[in-house]
Each structure stands twice: as structure tokens, then as C-alpha cells.
Amino acid sequence: MSQQGEPRILIVGAGFGGIGAAIELQRHGFRDITILDAASDLGGTWFHNSYPGAACDVPSHLYSYSFATRRDWLRLCSTQREILDYLHAVAHDYGVDRLVVPDSMVTSCRWDDAGRRWSVETQAGDTHEADAIVLATGQLHQPAHPRVPGIERFAGHSFHSAEWDHDYDLRGRRVAVIGTGASAVQFVPEIAEQAGRLVVFQRTGNWFMPRRNRAYPRPVLAAIRRVPGVQAFRRRFMFQYGESLTSMIRHPATLGRLGAARSAAFMRWQVRDPELRRRIWPDYTFGCKRILFSSAFLPALQRPNVDLVADAITEITPTGIVTAGGVEHEVDCIIYGTGFRTNDFMFPMEISGVGGRSLRDVWAAGPHAHLGITVPGFPSMFVMYGPNTNTSGGSIIVYLEAQAAYLRQALQLVRDRGAAAIDVRAEVEAQSDRETQARFAGTAWTRCDSWYRTQDGRIVANWPGYMREYVARTATLEPAEFELIPSAAREPQPA
Ligand code: NAP
């Protein structure tokens, strides 16, 4: 507690999760909040991912806080800059931007059994004491590089899409892109216009859906701005659209086939060349991996200066990339669009709970948490965008807001009962994990390998159902599911 008897809350991560949690807590009377972030400014994923063409493929009327909707989004899906500006504006309006301590990379969070609180250390050597910690570092923050022999010997320039080198001029260069996920499909059409030669290395094909994303025509902008209810209707519509994508993933043999047919028709229309079509065609069930929304990627592959290579990469040499069959593609620059180390969640942070137990050990067989938020033996530790809370068909902000309200209720309970901390009961977490895992049976997610799964095949990233179910399930915290840890002052003292 602070000197004023206020619980001290430390949030790690100043992205949509951390900022949303700070606003929610502040609105409910919590005053001692600090947000640490490794970056030099707030923004999280929207601070780091500044690659050309970076945008959110979830429409902005849904990809925004429900308490801070906007009527002036310029297009369906906003650019990285617009989203970052929005987050800055909301953080400023709610007075939480001043709580952010930038350049603070958290290295460890340790629960102190005697003191009944957390001790949080940063790389700079600062120590923060806290009654509760909120880990809002997300699932997609540690860039993953492929394990290819020779990768360290490449003598040209290279960088990851999440660490874009804006000082490197791609004009006229021979550029390789490894990966064709949601990031690559956004930046490939942009850099295809600059590079002299662009070779895109694809390991697995994707299912595409159209998304043109032109700026709204003026009458549409005016209607959203001026006609009451239009903006709210758009948000509800997009919510339902997201739920319909989830229904296709949940029912691959029926609704999923309709989605696959729509996607296939679009892809056939965009790619007429049968040879290229064969190379880009996905070989797994629609929806098993992320469905990609882009009307620009497949046309970019058909530019005269662009090649798509679907052969496996076997080696990287000082001068280029070698694929199966021994062909070497000589390039000046390699851009890794190879995604993130998703199963690692908030690691490499060292986190230890009751009795010094390491979270790494608890999660050795794959991460799991009650509703993705609380882990038994880690009192008053709350994870945002934690295990099994990713969405394949909706807006992560819907989940983050639900999590913020849930953890706020937990901390209100601690405050109201004069306790030190709150810990989810082990049997409650185990049961909810069993329920979550059982709900994946028969869904498209189980039908291929993806970043949603561990090597053993356990799905640890995604929520198995609909947004509305997660919101309903987290709406009211059930006190019986938790144990309160009494504050030291309330413990019976020895006579
Ligand atoms: P990603 O979806 O994980 O894609 C990584 C790509 O790299 C895949 O094509 C993958 O192929 C390939 N790859 C990985 N390791 C490889 C290797 N060793 N050799 C060859 N290819 C390799 O990563 P991302 O595109 O950065 O996107 C990550 C997530 O961020 C997305 O799924 C999404 O949730 C989020 N995101 C969202 C948006 C948005 O607009 N909302 C935009 C960007 C990113 P395989 O498919 O074979 O694994």
C-alpha cells in the first residue's frame, strides 16, 4: 500500500491492454497506478509495428474502445499512425498518459510471501513494489526469426517487420521477404513498388478475403458523423460480422465451406495464372490459420518485378537464400515477416509466485489461465491478452476491455475486504482450462499447425468461441472462485 493506504498497481505494457486497464481502474477510484513500458513511448504493437502499409484489418468502428468510439475514422481499416494517434488521444483524455514510465524493460516480477506483495525489477536496475501486477505485454511482441542454417552469415542487410529499418532505402534493391502472414500481406504491396526485384518466400498458402480499404466517400463520412445511430450501428454490424467468421471456424464442415467458397472465388478472380494459383493455394481447412483480408497482396505478386517462391528454404548464404533443389536467390536485403514467439507470452520476464514457483515451470506444458487472466499461486497477478484469449474473428479490444473490468472487480474485492491479495482457486482454473480445451474439438483450429498451438498441438492462443461468450463469461467476477490472502495486519498475532 502507498502511504495513503491505496493499493499500488503496476501495469506492464502501455498498449491497448495496459492503457485500457489504467483507465478502468482509475475510473473506479484506484489512484496509485504506474505503467511501465520497454519502449520510448506508449502504443504497444502500434508503436513497434511501423512497416509500410501497417494497418489493422479489423474495422476501426470495432477496433476502438467502446467508451471512446469515434465518428471521424477516415476509412474502414485505419493505418498504424491513425491508430497510434487515437491511443495517444484516449490516454491523454483520460489522464493516464502521465502514468506511463517509458524505457522501462521489466526483467522480473517476484511475489514476496512475507510482504504479500510483488517486487518488480527493470533492466535499468529499478525496483518497484506493488500490491497487484497487470501483465499487458500481449501475445505478439517478441519477433521470431526462422531457424535456417547460415542465417547469421548473411552479409547483406536484414530486419524483422516489427523492427522496420526506415533508414534503409529499398529503391532498386534485390529484396527477399520471408513469410506471408498478416504483416507481410500488408507491406509486400507497398515495397513491391520500390524494390528493383522482390522475391517472396512462402511456406504455406493462405485463404484470402477482399479488403480494398479506400477512404470513405464524403457522403458516407458525413452520414457517420451527423446521423445519430449510424456509427453505433456500424459497430454492432462489425461485431456480428466478426462473430460470423468465428462461426465458420467453429463449423468447418458447413459454414466453413461457405467461407472457403467465397475466398476461393475471390482468389481465382485475382489470380488467373494456373501455375501461380497452384503455388499460392492453401492446403488446409479454411480458418485454421488467420484468414487474410487483402485485395492488394495477390495482385502485387503478379508484378513483373516480383516472384513468389514456394519451395522450402534450406540455407541462407552470405549472398542470398537457397531453396530445396539448390537454387540460390541472391539478394541485398532480407525482411523477416516471420511473426512472433507467441507461445512465450510475457517471457523473457522471470515471474515467480507463491513459494518462489516459476511461471515458466507452471506453464512448461503450455500456458493456461482462468479466462486467460488469473493463474493459481500468482496472487493479484492479472494477464491481459493471456492464454486462450486471441480472436480469429473479432476485435482484441473487446476482450481487453472485458479483462480490464474483470481484474478491476478482483481488486475491488481485495480493497473492500481489506485483504492483501486475491488468488484463483487451482481447481477452478483447471476446470475452466478443461472446458476451454474441450471446446476446440471439431473446429478448424485443430486441423493444421499454426502459431495458435504449442508443438504438442495444444491450442494456447485462441479463445474457442465467440466474443459475446467471453464478454458474458467475464462480466461478473465470482468471488467463490477465488481465495483472499489476508493482509499481514489482519493475521492473528501470536499471544
Ligand atoms: P504470422 O502470421 O505468424 O506469419 C508468419 C509468416 O512467416 C507465415 O507465413 C509463416 O509461414 C512464415 N514463417 C515463419 N517461420 C518461417 C520459416 N522458418 N520459414 C519460412 N517461413 C516462415 O506473423 P505476422 O504476419 O507478423 O502476423 C502475426 C499476427 O499479428 C497475425 O496473425 C495477427 O494476429 C497479427 N497481425 C494483425 C494484423 C491486423 O491487421 N489485424 C496485421 C499484422 C499482424 P507458416 O504459415 O507456414 O507458418
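Note that these values count all heavy atoms, side chains included, but never hydrogens, waters or copies made by symmetry. Just so it is clear, the model here is predicted, and its values are computed rather than measured. All ligand and atom numbering here is 1-based and tracks the order in the structure.
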(message) Counting the benzene-type ring for Trp, do Tyr86 and Trp46 have ring centres under 6.0 Å apart?
(response) no
(message) Between Phe382 and Tyr406, is the ring centroid distance below 6.0 Å?
(response) no
(message) Any salt bridge linking Asp307 with Arg197? Criterion: basic side-chain nitrogen under 4.0 Å from a carboxylate oxygen.
(response)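 Judged by the 4.0 Å cut-off on N to carboxylate O distance, Asp307 and Arg197 do form a salt bridge.
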(request) Drop me the distance from Tyr241's OH to Met238's CE, to the nearest 0.5 angstrom. (result) 10.5 Å
(request) Please round to the nearest 0.5 Å and tell me the distance separating atom CZ of Arg447 and atom CD1 of Ile249. (result)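 Going from the CZ atom of Arg447 to the CD1 atom of Ile249 covers 12.5 Å.
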(request) Could you please provide the protein residues found below 4.0 Å of ligand 1 on a heavy-atom basis, arranged by chain and number? (result)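 Within 4.0 Å of ligand 1, the protein residues are Tyr51, Ala55, Cys56, Asp57, Leu140, Pro146, Ile178, Gly179, Thr180, Gly181, Ala182, Ser183, Gln186, Arg203, Thr204, Lys289, Arg290, Gly337, Thr338, Gly339, Phe340, Trp451.
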(request) Indicate yes or no: at least one non-hydrogen side-chain atom of Met267 is less than 4.5 angstrom from one of Arg277. (result)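 No, every pair of side-chain atoms sits at 4.5 Å or beyond.
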